[in-house]
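For reference, the structure is listed below as structure tokens.
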Amino acid sequence: METIKYQLPESEVPKFWYNIAADLPQPPHPVLHPGTGQPVGPDDLAPLFPMGIIMQEVSTERYIEIPEPVRDILVQWRPSPLYRARRLEKALGTPAKIYYKYEGVSPAGSHKPNTAIAQAFYSKNEGVKRISTETGAGQWGSALSLAGSFFGLEIEVYMVRVSYDQKPYRRAFMESFGATCVASPSNQTNSGRAILEQDPDSTGSLGIAISEAVESAAQRDDTKYALGSVLNHVLMHQTIVGQEALKQFDMADDYPDIVIGCTGGGSNFAGLVFPFLGEQFRGGKQVDIIAVEPENCPSLTKGRYAYDFGDTGNLTPLVKMHTLGSKFVPPGFHAGGLRYHGMAPLVSLVTELGFVRPRAYTQLKTFSAGIEFARSEGILPAPEANHAVAAAIDEANRCKEEGSERTILFNLCGHGYFDMQAYTDYFSGNIHDQAYSSEEVAMALAGLPSVA
Ligand SMILES: *Cc1c(COP(=O)(O)O)cnc(C)c1O
């Protein structure tokens, strides 16, 4: 069976980011100051982010122009290909059509450089010398290190301890691009030291690493902070993915009925889904949208929609999102990019409004789906992406049972070639489906900040 690949010319890399805030049926909830409980203004965020980024964060313009220097770098690997998974369809014996947008073609192997390049550009543009950040599985740290070397910025990465130990190649990647990588919790910050005092063997979490990176940026005038997911501007930078997919579906003379993404902080999901959802909000075709998260860190399916902190040390502003509580530390499973206690406020809002069907899958199920995909399509997905693969396969199997010929699109947001330890563990029977700890979540939720 032949490979069908929809490849756009370089000139079709989008010239604008799409801002879903312009099309939402209701305005997003304001971000609140952690001290006063009042909505934050641009000045409150200025110690952490460059002003160019802050203005995007609060913008309600539908389209924001992508600066030429950013686009010049993006064309190195963009437009990314859209594939039709013909061999997988055949292996499943499904009448459904399965497409995937492949973001693993970026130099860091995931969608993350789409925003890393933009964020590094705005920092450089405003005279910043240094950016501090956190990384879970290492994908975001890799992407920002790459972006830092393009723009001549120093990058300091706090890497969640469990991934630091599991993924030494990620650290080597970051160091190759000149970044400094520190295992978090570390003894370099007050937030890190506080955690280590309570639990010297802490495996860390994204929430803890964010506290450390924010603290590091707040202490120095020449340093800003960058976040790889969750915030509005990050989701917006990722919308080039869905905008390209819309054009590629034009080429294919098709349109998806079902659009699927995995959700950690929500950025690859939103990047693919929001341009389609925007079409729907403006009177276009309705799509069935599925967000897939791990059973062990189920913010959308089992979290509470409430104001919470973005980090464990409670240094960040308060945002309204689906959260498991900022003190929740998920178990050390392999899909490190999906171990965040919260969810992007914009993804939470459209889910709360009923435009997204969230679901949670266990580790073993997602690995088995990833292997099945690899053996048909020849690409080994990142463990995070396996969640989207598993949902695409489930939907294709449902189409088979119902005899319905639907069109499925999912985001293959990264490859798994830095994650071979995860696959080794899977094949040697060392990946187990730990029970979801409702007790721990209940404890973490009991500590939610009270907001009027
Ligand atoms: C970071 C990452 C994720 C999770 O982050 P989102 O913001 O939810 O996209 C998922 N998949 C891959 C490959 C990642 O690198």
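Counting starts at 1 for both ligands and their atoms, following the listed order.
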Decide yes or no on side chain to side chain contact (heavy atoms under 4.5 Å, CB included) for V287 and D257, but give the supporting numbers first. CA-CA 5 Å; V287 277; D257 299 298; over 6 Å; no
Between [atom1] on residue [X] and [atom2] on residue [Y], distance to nearest 0.5 Å:
X: Y225; Y: L45; atom1: OH; atom2: CG; value: 12.0 Å
X: T180; Y: R130; atom1: OG1; atom2: CZ; value: 7.5 Å
X: L82; Y: K101; atom1: CG; atom2: NZ; value: 6.5 Å

Given F418, which of Y423, Y169, F173 fulfils the ring-ring contact (aromatic ring centres under 6.0 Å, His included) condition? F173
With a 3.5 Å cut-off and no angle check, do the side chains of T301 and E293 form a donor-acceptor pair? yes
Tabulation required: pairs of a nitrogen or oxygen in ligand 1 and a protein nitrogen or oxygen under 3.5 Å; columns are atom names and distance to 0.1 Å; otherwise 'none'.
{"residue": "ligand 1", "atom": "7 (O)", "partner": "S229", "partner atom": "OG", "Å": "2.5"}
{"residue": "ligand 1", "atom": "7 (O)", "partner": "G266", "partner atom": "N", "Å": "3.4"}
{"residue": "ligand 1", "atom": "7 (O)", "partner": "S267", "partner atom": "N", "Å": "2.8"}
{"residue": "ligand 1", "atom": "7 (O)", "partner": "S267", "partner atom": "OG", "Å": "2.7"}
{"residue": "ligand 1", "atom": "8 (O)", "partner": "G264", "partner atom": "N", "Å": "2.7"}
{"residue": "ligand 1", "atom": "8 (O)", "partner": "G265", "partner atom": "N", "Å": "3.0"}
{"residue": "ligand 1", "atom": "8 (O)", "partner": "G266", "partner atom": "N", "Å": "2.8"}
{"residue": "ligand 1", "atom": "9 (O)", "partner": "H111", "partner atom": "NE2", "Å": "3.1"}
{"residue": "ligand 1", "atom": "9 (O)", "partner": "S267", "partner atom": "OG", "Å": "3.3"}
{"residue": "ligand 1", "atom": "9 (O)", "partner": "N268", "partner atom": "N", "Å": "2.9"}
{"residue": "ligand 1", "atom": "9 (O)", "partner": "N268", "partner atom": "ND2", "Å": "2.7"}
{"residue": "ligand 1", "atom": "15 (O)", "partner": "K112", "partner atom": "NZ", "Å": "2.6"}

